[in-house]
Number of protein chains: 2
Amino acid sequence: MTEHSPLILLVEDEPQLRRFLRPMLRAQNYRLVEAETAREGVALAHSHNPDVILLDLGLPDGDGVEVTRQIRVWSPVPIIVISARGKEQDKVGALDAGADDYLIKPFGSAELLARLRVALRHAARGSLATPDAIHTFGDVRVDLGRRTVHRGEVEVHLTPHEYKLLVTLIHNVGKVVTHRQLLREVWGPGAQENHYLRVYMGQLRQKLEEDPARPRWLATDAGVGYRLRDEPAR
Amino acid sequence: MTEHSPLILLVEDEPQLRRFLRPMLRAQNYRLVEAETAREGVALAHSHNPDVILLDLGLPDGDGVEVTRQIRVWSPVPIIVISARGKEQDKVGALDAGADDYLIKPFGSAELLARLRVALRHAARGSLATPDAIHTFGDVRVDLGRRTVHRGEVEVHLTPHEYKLLVTLIHNVGKVVTHRQLLREVWGPGAQENHYLRVYMGQLRQKLEEDPARPRWLATDAGVGYRLRDEPAR
DNA sequence: CGCGATCTTGACGCTTTCTTGATCCGGCGC
DNA sequence: GCGCCGGATCAAGAAAGCGTCAAGATCGCG
């Protein structure tokens, strides 16, 4: 992956800070891609597959924490958050969402570079075991990076909830995932109406199973939860 | 490696801070080993192979940075440095010596715990493909992580009660588990009708034993309880 | 504001699981 | 042999859980 020098994705809306960071990183011989918005950041993370992401939390079009979560769905790339917000709550939120480090503005350039080196160390070691960004079962192919699902050649459209549900099952292939856990992952910590799950599992089966009435992959464990099989039933 | 909860090595000479951290970490169900000196820290890192090291820089018998360097010679275990020194120079030195994070005293407990979780995430990813806890007897394989049961190659479906009952027996493999205890574990504290047990043990034998009428693993101790043998009968 | 897509909710029939009672079995003391 | 006891087995009804459909509510976008 790193034939060349490490590639850094900088997601930052303040031109001032970018003008400060750009020459600093270039001077270390890092390659650099820049995004100014959350949306653009996620897109560039997809398309450029950087070795490290430097992410400002305060973006014009959305929360940086949400960016972190979205990237974490498919990539273990190290994410260093930089933020003006120094409250403990902010740090914990970002770190638990999947960030690897949290720097408070203003920060010293030497410290940033040192933490960047730590992140790159991790990336180098981690890349040996990079989880597959594409998951397949039967004739279904789920590209976690592109957020697309295909059956054979044709693309299948999934709604946001359907997709999140599927991703959660994929992250636990072979394991039974309890109702509680699925609800928490997909609907957030408040939900407990597991009637949702029946409806949405039904829709997933409708879209992904050959015979939705006799599912071979999306299995039910009555009274416990659901599970994506790693080998087909029957 | 992590059959149990994560093991943390705390290298810290101030008794005051240890008294603060100890209950906090224990409360998170982490296991804890403590060292008061640099020398002891390196020794315990060797002997206990912790999942994370919390390392104070200011130790009586040597520099924490040196400890980091020594451990890095042979182990990639995540090291979180905690230090009163907040100078950028200190951070860079520690991080470049191999530390993964650097916290300045005083720090909030929530932040420490969040950074600890980050470190544990890294540690977990380093050890490829964490195998589940699996228990086998005869041709039966119980995967406790996936909540699945196999006989030979074919999967056996167990209802929630059947599964709970089996797991309880597995947790006490080789030992007799009394009727009372089984009922409490599986049906909750209210139950006392041990007719349940006969029915459900029968179903388990039906599903798991070669000759359900002559069980070789799921043994009855008349008047006392049931027991999962650790070696087959006869 | 209006439209389509998505989400939520309720109703209903079906399947699985649980509970319970009836019956059977084998050992033991009388 | 007979009656008793704890355990095993079987089956049927009750209860809980599941799948499906569809009608509204809500959201997002133009």
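Convention: sequence-line order gives letters A, B, ...; per-chain numbering from 1.
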*Tell me: CG of L158(B) to C1' of dT16(C), nearest whole Å?*
14 Å

_Taking 4.0 Å as the cut-off, does a side-chain nitrogen or oxygen of T220(A) come that near to OP1 or OP2 on dG17(D)?_
no

_Can you tell me if Y226(B) touches the phosphate of dA8(D), counting only side-chain N or O atoms and a distance under 4.0 Å to OP1 or OP2?_
yes

*Short side-chain to backbone donor-acceptor contact, R229(A) and A219(A), under 3.5 Å*: no

*Protein-nucleotide distance (L197(B), atom CG; dG6(D), atom C1'), rounded to Å*: 13 Å

*Picking from L25(A), V11(A), L103(A), what satisfies side chain to side chain contact (heavy atoms under 4.5 Å, CB included) with L54(A)?*
L25(A)

*Measure from CG on L183(A) to P on dC7(C) and round the result to the nearest Å.*
14 Å

Can you give each donor-acceptor pair under 3.5 Å made by side-chain atoms of residues 174-184 of chain A, sequence neighbours left out, with the distance rounded to 0.1 Å?
from: T178(A); atom 1: OG1; to: Q181(A); atom 2: N; distance (Å): 3.2
from: H179(A); atom 1: ND1; to: V224(A); atom 2: O; distance (Å): 3.4

*Any side chain to side chain donor-acceptor pair (under 3.5 Å) pairs touching residues 88-99 of chain A, not counting sequence neighbours?*
K91(A)-E111(B), D96(A)-R117(B)

*For D139(B), check side chain to side chain donor-acceptor pair (under 3.5 Å) against everything at least two apart and list the hits.*
none

*Using whole Å, report how far NE2 of H157(B) lies from P of dG17(D).*
14 Å

_Between dA8(D) (C1') and K207(B) (NZ): distance, integer Å_ = 17 Å

*Tell me, for nucleotides 18-26 of chain C in 5' to 3' order, what letter each nucleotide earns: B for a base near a protein heavy atom under 4.0 Å, S for only sugar-phosphate near one, - for neither?*
SBBBB----

*Residues which pass salt bridge (charged side-chain N to carboxylate O under 4.0 Å, His left out) with R205(A), listed by chain and number, not counting sequence neighbours*: none

*Between the side chains of D100(B) and H122(A), is a donor N or O closer than 3.5 angstrom to an acceptor N or O?*
yes

*Can you tell me if R72(A) uses its side chain to pair, donor with acceptor, with the backbone of S75(A) under 3.5 Å?*
yes

*So how far off straight is the helix from dC1(C)-dG30(D) to dC30(C)-dG1(D), going by the axes through five pairs at either end, to 10°?*
30°

*Is there a side-chain polar atom (N or O) of R198(A) under 4.0 Å from OP1 or OP2 of dG17(D)?*
no

*On the 0 to 90° scale, with breaks at 30° and 60°, tag the Y200(B)-H161(B) ring pair as parallel, tilted or perpendicular.*
tilted

*Starting at atom NE2 of H179(A), determine the distance to atom C1' of dT16(C), rounded to an integer number of angstrom.*
13 Å

*How close or far is atom C1' of dT15(C) from atom CE of M201(A), stated in whole angstroms?*
16 Å

*Check the distance between dC18(D)'s P and R205(A)'s CZ and give it to me in whole angstrom.*
10 Å

